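Encoded as structure tokens, the structure appears first; notes follow it.
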Amino acid sequence: MYTLGEIANIIDAELAGNANIEIIGIAPLSSAKHNQLSYINNNRYLDDLANTNAGAVIISKDVATKCKTNALIVDDVYLAFAAATNKFSNKTSYSSGIHHSAVTNNSTIAAGCNIEKNVTIGNDCNIGPNSFIGNNVVIGNNVHIGPNVCIFHRCIIGDNVEISSGSVIGSEGFGNARDDNNKWHTITHLGAVVIGDNVSIGANTTIDRGTIENTEIHSGVRIDNLVHIAHNVIIGQDCAIAGCTGIAGSTTLGKRCLIGGGVGILGHLEICDDAIINATTTVYKSITSPKTYTGIMPIMVHKQWQNVGLWLIKLDKIANYLNIKLKNLKEK
Amino acid sequence: MYTLGEIANIIDAELAGNANIEIIGIAPLSSAKHNQLSYINNNRYLDDLANTNAGAVIISKDVATKCKTNALIVDDVYLAFAAATNKFSNKTSYSSGIHHSAVTNNSTIAAGCNIEKNVTIGNDCNIGPNSFIGNNVVIGNNVHIGPNVCIFHRCIIGDNVEISSGSVIGSEGFGNARDDNNKWHTITHLGAVVIGDNVSIGANTTIDRGTIENTEIHSGVRIDNLVHIAHNVIIGQDCAIAGCTGIAGSTTLGKRCLIGGGVGILGHLEICDDAIINATTTVYKSITSPKTYTGIMPIMVHKQWQNVGLWLIKLDKIANYLNIKLKNLKEK
Amino acid sequence: MYTLGEIANIIDAELAGNANIEIIGIAPLSSAKHNQLSYINNNRYLDDLANTNAGAVIISKDVATKCKTNALIVDDVYLAFAAATNKFSNKTSYSSGIHHSAVTNNSTIAAGCNIEKNVTIGNDCNIGPNSFIGNNVVIGNNVHIGPNVCIFHRCIIGDNVEISSGSVIGSEGFGNARDDNNKWHTITHLGAVVIGDNVSIGANTTIDRGTIENTEIHSGVRIDNLVHIAHNVIIGQDCAIAGCTGIAGSTTLGKRCLIGGGVGILGHLEICDDAIINATTTVYKSITSPKTYTGIMPIMVHKQWQNVGLWLIKLDKIANYLNIKLKNLKEK
């Protein structure tokens, strides 16, 4: 907990407002409460700014007049936000062995596990050897966790969940703010990962915690090995995601999507319910219709690929040379 | 061990045959014995059905008359098969530390390892700290296993094998049956992973166990870091597979294939001996000739890519517009 | 330490020179000293050969006359080099627990860690549970290492570094020499990984040690989860590399490059400062201009992709059929 005046000092902001109010955390404009800090670095959120209940907002000079609550005026909102996140970190510490507060009922915890403070573990769970469970993690009933698994602080796991060996749940998101000297400043991720019921997660998969809101894996989802799910992704109910796939930050998948192996889905996209993405396809725009999608370069004998490639990179010039207009290309 | 009557109850099947025979496991039609269960969910296997020695077959009504052994007639064969696999699971349990039955000869096992029951370890092996070896694993001579490695139950490792840190051998395959409500049902993978001699496996790689038969890595194979090898894949002798590659279920690689980094090979394919697949290529059809293959989108300045892409997705319409027929495109 | 005569025996070489000199290691021609061995298997390095200070050079018959120092003449230089590397290995052994020589000052080491001999750990570090630190590793100040991390022998980590759970630093590179029978021979990687200050490394990422020189991650670099960085790669200052990316051996990235997720960068390339590579692009040639690059197959409804693909693989034939010459394709 900090006073707003202390935060203004920490992030080197000009404070327009009450230095004495107490701030206990950070939240988005739309959900922040009177004792939480928020930020705006994109004019898309000006409506949220107008309606926010946040105790204070980190904001740039040009839109500061639109802020009706306390304002922390800075040159670079994202950098200041990064600095603020570092103060509200509640990262896992590492104690030794199994903290006495871990309620394990009839569940079993194998040798070599480290279970931190205030962990709740339901019935009929078993946790494989040398796994780590961070502070305040909540695990439901009938959860099976393999060896060498890591579940970081405050993550929530539902009932009947399987997490295979080597997977990491709740690692820090890959969010960094860059300053004028091109140096990176770490954003401490204050959200968690929330996993529903009947979820299965393969081996050596990673699911990052959210920035200030949570990353969510809804009930019934199946995730294969070596999958990377970035911060603030939401995976809808009963999706299946095959191995080696990566989903970048803040993308939302609808229900029952089938995502093939080696797929890359870029950030901040929306994939509708029941979309099917074939293996190794890159998804760089939102999907609004529940069809099957593919984006794969055909496989060729190497020499043929070299020949084709010479022309492929000049397709627009070929069209120009032939005087073809896009509008003249009718459906067959 | 279950009687066939018990299995019929478990998977909710109509039993045509002898309820009293004893079933001890599940196997493919072609290799199942009189005390094993099999299933058919694809008419491609009707010949195998005609010749099977299986004690019983899970089968749908429309082909049940072709079954000459005991039949378990169900609406959804794959779902019923999934339910049956769950009963024959022999998954790893987690005890504490090193089970006394592990024969270690002059091999060394580092601190923090968990070695389960009935593990056999040959001579001159060393197993890195905090690794896990499941029930009934067999490890040959001169095998070097890094820290935090996980080898699940019943996997077999040959002589002179290296497995680097964080790799997982014998994790459950990504096989799930979907019911009419689009809910996933886990298939317990009853096969194992069998690794030959002189194999080297990099760090954080995953090799899934087979469904009812084994996943096989033949002798002399080299596998890099962060590679995913799915259930029932067979990697032929002396293949080399570079980092970040994924190979989907039931694909077979011949001998001496060279697979570049970041390659995706889809499931149920056959790759012939000596094929070379360049990095990041997607292989979506079987390879029958030992050539070098490539399928990579050429790299372009982003703006150029945008221009080219506009035309690329209309190539078939361009051909139509220009009245080009595929048959008219001769070799140069 | 071996005499040159002993090495000649080990690698089955014809020795032209002094059998009695002592050899303590292996280095490139350009940096090898009088007590180090080097090798030449590419005529590009003939100038280095002419100027080398190496005590001896593994060399093939056809260029042996150009060697002014002691020569170890063999049929297959790379195979002989592989055999020599195996003799100078100084691989990690696994002892039990925390070796008394580990200087930890006010740093904390969580339960279950294995810290080998001659490890140096600075101030204000913490090392998560069940992590492994190999012989002679040097760790700076304020370094935070997650659970289940593995840092192999002789790697050097700067100040203010974060390494998340499950990552492996200093694993063996994927370097193998193939003999006439197509059998692979392991090259023991004698280099290490050197990581600068203010570096952040995500979860389940792998960074391989160099062959005889080091793999280098310069200061200020940010690396996400499930990234693979191969042997002898150099990542310039303040680069950011997103998840699921793989960078093959001996590639150098300049400063401040931004590498998207799922990117594949092939080996032996040079990427200039400030280059931006969009997600899932394959980089198969060096980048000399600091622009934004993309190479992604557009995503299409699957049926459309099938139609487009039919023509795409015949683009060169289409150009031929239409009598288009590359030189006639002007800029628009």
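Lettering follows sequence order; numbering is per chain, from 1. Side chains are part of it too, since the values below use all heavy atoms of this structure and drop only hydrogens, waters and symmetry mates. Values in this document were obtained by computation on a predicted structure and should not be read as measured data.
- The choice from Val308(B), Ile109(B), Ile223(B) that makes the most heavy-atom pairs within less than 4.5 Å of chain C is Ile223(B).
- Asn160(B) and Asn198(B) are linked by a side-chain donor-acceptor pair at a separation below 3.5 angstrom, with hydrogens and angles left out of the test.
- Most heavy-atom pairs under 4.5 Å with chain B: of the set Ile277(C), Val168(C), Ile296(C), Val283(C), this distinction falls to Ile296(C).
- Under the 3.5 Å distance criterion, the side-chain polar atoms of Arg209(C) are left unmatched by any main-chain donor or acceptor of Ala192(C).
- Side-chain contact between Thr108(B) and Tyr94(C): absent, with no pair of heavy atoms (C-beta onward) separated by less than 4.5 Å.
- Contact tally against chain B (heavy-atom pairs below 4.5 Å) for Thr245(C), Thr292(C), Thr280(C): the top residue is Thr292(C).
- Among Gly309(B), Ser165(B), Gly112(B), the residue with the largest count of heavy-atom pairs under 4.5 Å with chain C is Ser165(B).
- Counting heavy-atom pairs closer than 4.5 Å to chain B, the top residue among Ile287(C), Asn278(C), Ile313(C) is Asn278(C).
- Both the backbone and the side chain of Ile324(B) come within less than 4.5 Å of a heavy atom of chain C.
- Among Thr281(C), Val227(C), Val149(C), Asp208(C), the residue making the largest number of heavy-atom pairs under 4.5 Å with chain B is Asp208(C).
- Only the side chain of Asn130(B) comes within contact range of chain C, with at least one heavy atom under 4.5 Å from a heavy atom of that chain.
- At a 4.5 Å heavy-atom cutoff, the contact between Leu312(B) and chain C is made by backbone and side-chain atoms alike.
- Of all the listed residues (Ile318(B), Asn126(B), Asn148(B)), the one sharing the greatest number of non-hydrogen pairs under 4.5 Å with chain C is Asn148(B).
- Counting only distance, with no hydrogens or angles, the side chain of Asn225(C) and the backbone of Ala203(C) share a donor-acceptor pair below 3.5 Å.
- Residue contact with chain B, scored on non-hydrogen atoms closer than 4.5 Å, involves the backbone and the side chain of Met297(C) alike.
- At a threshold of 4.0 Å, the pair Arg256(B)-Asp274(B) counts as salt-bridged, since one of the basic side-chain nitrogens sits closer than that to a carboxylate oxygen.
- For Thr215(C) and His231(C), the side-chain atoms include no donor-acceptor pair closer than 3.5 Å.
- Counting heavy-atom neighbours within 6.0 Å of Asn106(B) CG, excluding the residue itself, gives a total above 12.
- The contact between Gln237(B) and chain C is made entirely by side chain atoms (from C-beta outward), counting heavy-atom distances below 4.5 Å.
- Looking at heavy atoms from C-beta onward, Ile145(B) lies in side-chain contact with Ile139(B) at the 4.5 angstrom threshold.
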